[in-house]
There are 2 protein chains.
Amino acid sequence: MAVSTSTSPPAVSGNDTGETMCPHRLVLEHVTSRWGVLVLIELLDRPYRFSELRRAIGRVGKGVSEKMLTQTLQTLERDGLVHRDARPVIPPRVDYSLTDLGREAAEQVRGLAEWTQRRMGAVQEARERYDVRKAAAAQG
Amino acid sequence: MAVSTSTSPPAVSGNDTGETMCPHRLVLEHVTSRWGVLVLIELLDRPYRFSELRRAIGRVGKGVSEKMLTQTLQTLERDGLVHRDARPVIPPRVDYSLTDLGREAAEQVRGLAEWTQRRMGAVQEARERYDVRKAAAAQG
DNA sequence: CGGCATCCACACAGATACTG
DNA sequence: CAGTATCTGTGTGGATGCCG
């Protein structure tokens, strides 16, 4: 039967088990979730179709499984960040885009991503220093 | 014997298995990781001691296990975002604070968190609309 | 093509015990 | 107090196969 009482999407990251937790924490988890981040950033450029989005994300790094992309999009749609436009044609065509709300979130996320790229060098150096210090300490 | 060739911390989130992945993606994952986000935000206020930080995070939501906090802090330290100041006293005292680099990241993250809080209402409404639509569609 | 259902592996995350 | 080490359960996330 599948459907049962299970409403909402499986939730991208973390358990939405209705715990004693401030609700905005959950939204934050959705937005900062592994694929949520990337989806928002990609959609900031322009609307994407499902597979197109999948490929676009795959391009950046390792790639997202179709299941995870579906989950992520559903969660973001439910939170009102992503708009889903399903056209009843054959073959099916579904376009995803940011809502105004989603655009706000995505811009924040993009800021973070851009910072990461800008400062990557500094992070690399810090890592090397850390590793060297660790190695030395292991000897000492 | 434990140490072996495994250098660096276990990595907060995602597998740092040395895949074919842009390095900045990893940093982004660290920063946006479940506890990384919260740690950075808390440390933006002031330095914290280990347990103090643990309690501070527990206050906001469900709470972080000591193990996860350790892991998160180590990862962020390695990336050069967090400074660890261990004093050789008894009882031990370790203070964690943001580096300049970390402060930049934390401010980005805080921006995101603040946005989430501001827009929580809109998200809630969107969710209700979504759920209603879904319920209606299920009836068909 | 877009999405859902099922199965499964593995890493994340918790509990516990121990060290400095 | 601030970790480390180990053992274990659970859930995330991936692969596959089937529907609209």
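Worth knowing before you read on, the calculation uses all heavy atoms, side chains too, and leaves out hydrogens, waters and symmetry mates.
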Taking the minimum atom-to-atom distance to the side chain of B/P91, which one of C/dG2, D/dA2, D/dC1 wins? D/dC1

For the side chain of A/V94, starting at C-beta, report the closest nucleotide among D/dA15, D/dA2, C/dG3. C/dG3

A/R84 side chain N/O closer than 4.0 Å to the phosphate oxygens (OP1, OP2) of C/dG2? no

Does the ring of A/F50 carry A/R54 above it, NZ/CZ under 6.0 angstrom from centre and within 45° of its axis? no

From the set C/dG14, D/dG14, D/dG3, return the single nucleotide nearest to any side-chain atom of A/M68. D/dG14

Quick one: B/E66 CD to C/dT19 P, roughly how many Å, whole number? 15 Å

Taken to the nearest 0.5 Å, the spacing of A/T116 OG1 from B/H30 NE2 works out to 11.0 Å

Can you tell me how far P of D/dG3 sits from CZ of B/R54, to the nearest Å? 12 Å

Separation of A/E29 atom CD from C/dC12 atom P, in whole Å? 15 Å

What nucleotide among C/dG3, C/dA13, D/dC1 has an atom nearest to a side-chain atom of B/R49? D/dC1

Without decimals, in angstroms, what is the distance between B/Y96 OH and D/dG3 P? 3 Å

Decide, yes or no, whether a salt bridge links A/R93 with A/D95 under the criterion of side-chain N to carboxylate O below 4.0 Å. yes

When you measure from the side chain of A/T99 to the backbone N and O of A/L81, does any donor-acceptor pair fall under 3.5 Å? yes

Gap separating the CG atom of A/L38 from the CD atom of A/E42, nearest 0.5 angstrom: 7.5 Å

Whole-Å distance, B/R34 CZ to C/dA11 C1', equals 14 Å

Looking at A/Y48, does any N or O in its side chain come under 4.0 Å of the phosphate oxygens OP1/OP2 on C/dC1? no

Atom CH2 of A/W35 and atom C1' of D/dG14 are separated, to the nearest Å, by 10 Å

Among C/dT16, D/dT6, C/dG2, the nucleotide that comes nearest once only the side chain of B/K67 is considered: D/dT6

Round to a whole Å and report the spacing from CG of A/D85 to C1' of C/dG2. 13 Å

Do the side-chain N or O atoms of B/S51 get closer than 4.0 angstrom to the phosphate oxygens (OP1, OP2) of D/dA2? yes

Nearest to the side chain of B/P92, which nucleotide is it out of D/dG3, C/dG20, D/dG20? C/dG20

Taking atom P of D/dT4 as reference, at what distance in whole Å does atom CG of B/L73 sit? 11 Å

Counting heavy atoms from C-beta on, name the nucleotide in D/dT4, D/dC1, D/dG14 closest to the side chain of B/Q74. D/dT4

